[in-house]
Undergrad: 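Here you go, one structure.
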Amino acid sequence: MYTYIQIIDKDSKVFKGYVFYNIENEQLSMTIVRGMKALHRINIPFSKIVDLQINKFYGEDRISFIYQGKKYSFLYTGYGEEQYLEQHLLKTMKA
């Protein structure tokens, strides 16, 4: 699935853009893309996610968490991906 993401690192550097992601083998796998070019692949084991938050950001749904000192925020883009991501993250975090 594709969704909009914001990544803030320890030095307050911000990346904003789109990622293609999938969930399998107890991890979130993301490929950051710019246009037709894949920039970077990130694999995040669910067991390493901390501070999971599901809230509103300027009236839109947002899912955010911390992984290795970076804050990942997925912003709702209208295609149902946030429900998919939320269900999988919550299911795994409760297990």
Undergrad: Could you give the distance from OH (Tyr67) to CG (Asn43), rounded to the nearest 0.5 Å?
TA: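 Atom-to-atom, Tyr67:OH and Asn43:CG are 8.0 Å apart.
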Undergrad: Report yes or no: does Asp9 contribute a side-chain atom to a donor-acceptor pair with the main-chain N or O of Asp11 at less than 3.5 Å?
TA: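 The answer is yes, because a donor-acceptor pair under 3.5 Å joins these two groups.
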Undergrad: Got Leu52 and Val50 here, is their nearest side-chain heavy-atom distance under 4.5 Å?
TA: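 Result no, sub-4.5 Å side-chain heavy-atom pair not found.
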Undergrad: Applying side-chain contact (heavy atoms from CB on, under 4.5 Å), run through Ile49 and Ile44 and close with a yes or a no.
TA: CA-CA 7 Å; Ile49 290 174; Ile44 302 175; 3.6 Å; yes
Undergrad: About how many Å separate OG of Ser64 and CD1 of Ile5, when rounded to the nearest 0.5 Å?
TA: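 Those atoms lie 10.5 Å apart.
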Undergrad: Does the plane of the ring in Tyr21 sit parallel, tilted or perpendicular to the ring in Phe74? Use 30° and 60° as the thresholds.
TA: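 Perpendicular.
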Undergrad: Got a second to check how far Lys71's NZ is from Phe65's CZ, nearest 0.5 Å?
TA: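 Between atom NZ of Lys71 and atom CZ of Phe65 there are 11.0 Å.
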Undergrad: So do Gln6 and Tyr72 actually touch side chain to side chain, heavy atoms under 4.5 Å?
TA: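 No; the side chains remain at least 4.5 Å from each other.
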Undergrad: Are Ile8 and Leu28 linked, directly or through intermediate hydrophobic residues, by side-chain heavy-atom contacts shorter than 4.5 Å (ILVMFWY only)?
TA: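 Leu28 and Ile8: separate clusters.
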Undergrad: Which heavy atom of Lys16 sits nearest a heavy atom of Tyr4, and at what distance?
TA: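 Here Lys16 and Tyr4 meet closest at CB-OH, 3.1 Å.
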Undergrad: Would you please name every residue forming a side-chain hydrogen bond (donor to acceptor under 3.5 Å, both in side chains) with Gln53, sequence neighbours left out?
TA: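 So Gln53 forms a side-chain hydrogen bond (donor to acceptor under 3.5 Å, both in side chains) with Asp51.
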Undergrad: Nearest 0.5 Å, please: how far is OH in Tyr18 from CE in Met30?
TA: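 These two atoms lie 15.5 Å from each other.
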Undergrad: Do Thr31 and Arg41 pass the side chain to side chain donor-acceptor pair (under 3.5 Å) test, and can you show the C-alpha distance, the side-chain angles, and the key distance before you say yes or no?
TA: CA-CA 4 Å; Thr31 303; Arg41 185 160 188 88; 2.6 Å; yes
Undergrad: Can you tell me how far CD1 of Ile63 sits from CG of Leu75, rounded to the nearest 0.5 angstrom?
TA: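 That separation rounds to 9.5 Å.
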Undergrad: Distance from Asn22 atom CG to Asn25 atom CG, nearest 0.5 Å?
TA: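 It comes to 9.5 Å.
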Undergrad: Quickly, which of Lys70, Lys13, His40 forms a side chain to side chain contact (heavy atoms under 4.5 Å, CB included) with Ile7? Name it, please.
TA: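 The side chain to side chain contact (heavy atoms under 4.5 Å, CB included) with Ile7 is passed solely by Lys70 among Lys70, Lys13, His40.
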